[in-house]
Amino acid sequence: MTESDRTPDPGSAAEEPQYADRVYRSVPGLIAGVMLLAIAGWLIVDAVLSGTGATPWVALAAAPVFAFPVAAYTLRPAVMANDRRLIVRNPLRTIVAPWSTVEGLKAGYSVELFAGGRKFQVWAVPVSLRQRKRATRRASRAAADGDPGLPSTRRPAARAHRQDDLDPTRAWSDAVVASLAEQAERNAHKPAATGELRVSWSWWIIVPTAVGLVALLTVIAAT
């Protein structure tokens, strides 16, 4: 899993430091998306160059029907947060939530964002029950061994100056949710964090997929 490094924005010393977006996304999802697109691209090119009859046209019509959804569900999902707002980029929608509208986040079997009286799934932060069980076992062993845990400078309560850190003792999804919840609590009352919740559809994915599907059905019906 990856997240971007924070870099302070220029400003006077008297002002509170501003930071670049932190980005959370699933590396396995990115890898799977790239592999699927590469395999599909190779098959489509082969069908176009070597196919006979209607095969090349079927392959061309099927390309957007496959490529756009795969990109939407594997490469597109991301969560971006700074001191003013949270952006959740899901496969077909983008949610822009100023921190004042964020009511909470929950990591159960999936990560959910509650904002503006609505609930949204967070596709970019998949929940791994295996990771969660591993983290629980590590915590149980540490407690049984009397391990005091991480040094105080690495504990979440003492990380105000290291906001890019995630708690390494927790599953990745749980650590991300805890970090985002901490940011929501810290930034909710800032004047720059006010505004309205905005939700927009990803028409650049929906329209080409729908057009490709119509073309594919037309080619198949014509053969």
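Residue numbers run from 1 in the order of the sequence given. Computed from a prediction, not measured in an experiment: that's the story for all the values here.
Atoms CZ and CD1, on Arg118 and Ile95 in that order, are 8.0 Å from each other to the nearest 0.5 Å. From Arg130, atom CZ reaches atom NZ of Lys133 across 9.0 Å, with rounding to the nearest 0.5 Å. The OG atom of Ser173 sits 11.0 Å away from atom CG of Leu166, with the distance rounded to the nearest 0.5 Å. Considering CD1 of Ile44 and CG of Leu37, their distance stands at 9.0 Å, rounded to 0.5 Å. Atom CZ of Arg186 is separated from atom CH2 of Trp99 by 8.5 Å, given to the nearest 0.5 angstrom. Taking OG1 from Thr74 and CE from Met35, the interatomic distance works out to 11.5 Å, rounded to the nearest 0.5 Å.
Atom CH2 of Trp42 has 12 or fewer neighbouring heavy atoms from other residues, nucleotides or ligands inside a 6.0 Å radius. Within a 6.0 Å radius of CD in Glu103, other residues, nucleotides and ligands contribute more than 12 heavy atoms.
Here the closest non-hydrogen pair linking Thr223 and Ala54 is CG2-CB, 3.2 Å. Across all their heavy atoms, Leu86 and Leu180 have their closest contact at CD1-CD2, 3.9 Å. Nearest heavy-atom pair across Ala181 and Leu105 is N-CD1, 4.1 Å. The minimum heavy-atom distance linking Gln121 with Asn90 is given by the pair O-ND2, 2.6 Å. Nearest heavy atom pair, residue Arg170 against residue Ala178, reads NH1-CB, 3.2 Å. Residues Gln131 and Ser128 share a closest heavy-atom pair of N-OG, 3.1 Å.
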Steps toward side chain to side chain contact (heavy atoms under 4.5 Å, CB included) verdict (Leu129, Tyr109) = CA-CA 8 Å; Leu129 298 181; Tyr109 291 105; 4.1 Å; yes
Run the side chain to side chain contact (heavy atoms under 4.5 Å, CB included) check on Phe120 and Val199 step by step: do they pass?
-> CA-CA 10 Å; Phe120 305 94; Val199 181; 3.9 Å; yes
Verdict with supporting geometry, Ser100 and Arg84, side-chain hydrogen bond (donor to acceptor under 3.5 Å, both in side chains) | CA-CA 9 Å; Ser100 61; Arg84 301 181 306 278; over 6 Å; no
Do Ile87 and Val79 pass the side chain to side chain contact (heavy atoms under 4.5 Å, CB included) test, and can you show the C-alpha distance, the side-chain angles, and the key distance before you say yes or no?
-> CA-CA 6 Å; Ile87 296 178; Val79 173; over 6 Å; no
Going through the distances and angles, do Arg76 and Ile205 end up as a side chain to side chain contact (heavy atoms under 4.5 Å, CB included)?
-> CA-CA 10 Å; Arg76 174 176 158 77; Ile205 294 172; 3.6 Å; yes
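Put simply, Phe114 and Val102 are part of two different groups of oily side chains (I, L, V, M, F, W, Y) that touch within less than 4.5 Å, one to the next. No chain of hydrophobic side-chain contacts below 4.5 Å, direct or via other Ile, Leu, Val, Met, Phe, Trp or Tyr residues, connects Leu75 to Tyr73. There is no path of hydrophobic side-chain contacts, each under 4.5 Å, that joins Val96 to Trp203. Cluster annotation: Val127 is connected to Val177 through the hydrophobic network of ILVMFWY side chains, with a link wherever side-chain heavy atoms come within less than 4.5 Å. Residues Trp57 and Leu216 are members of one and the same hydrophobic cluster, defined by side-chain heavy-atom contacts under 4.5 angstrom among Ile, Leu, Val, Met, Phe, Trp and Tyr.
Looking only at distances, no side-chain donor or acceptor of Ser179 sits under 3.5 Å from a matching main-chain atom of Ala175.
Donor-acceptor pairing under 3.5 Å is lacking for the side chains of Ser202 and Arg93. At a cut-off of 3.5 Å, with distance as the only test, no side-chain donor of Thr101 or Arg85 sits close to an acceptor on the other residue.
At least one side-chain heavy atom of Arg25 sits less than 4.5 Å from a side-chain heavy atom of Leu30. Trp123 is not listed as a side-chain neighbour of Ser26, based on a closest heavy-atom distance of 4.5 Å or more. Counting heavy atoms from C-beta on, the side chains of Trp172 and Val125 come closer than 4.5 Å. Under the 4.5 Å side-chain criterion, counting only non-hydrogen atoms from C-beta, Thr209 is not in contact with Leu213.
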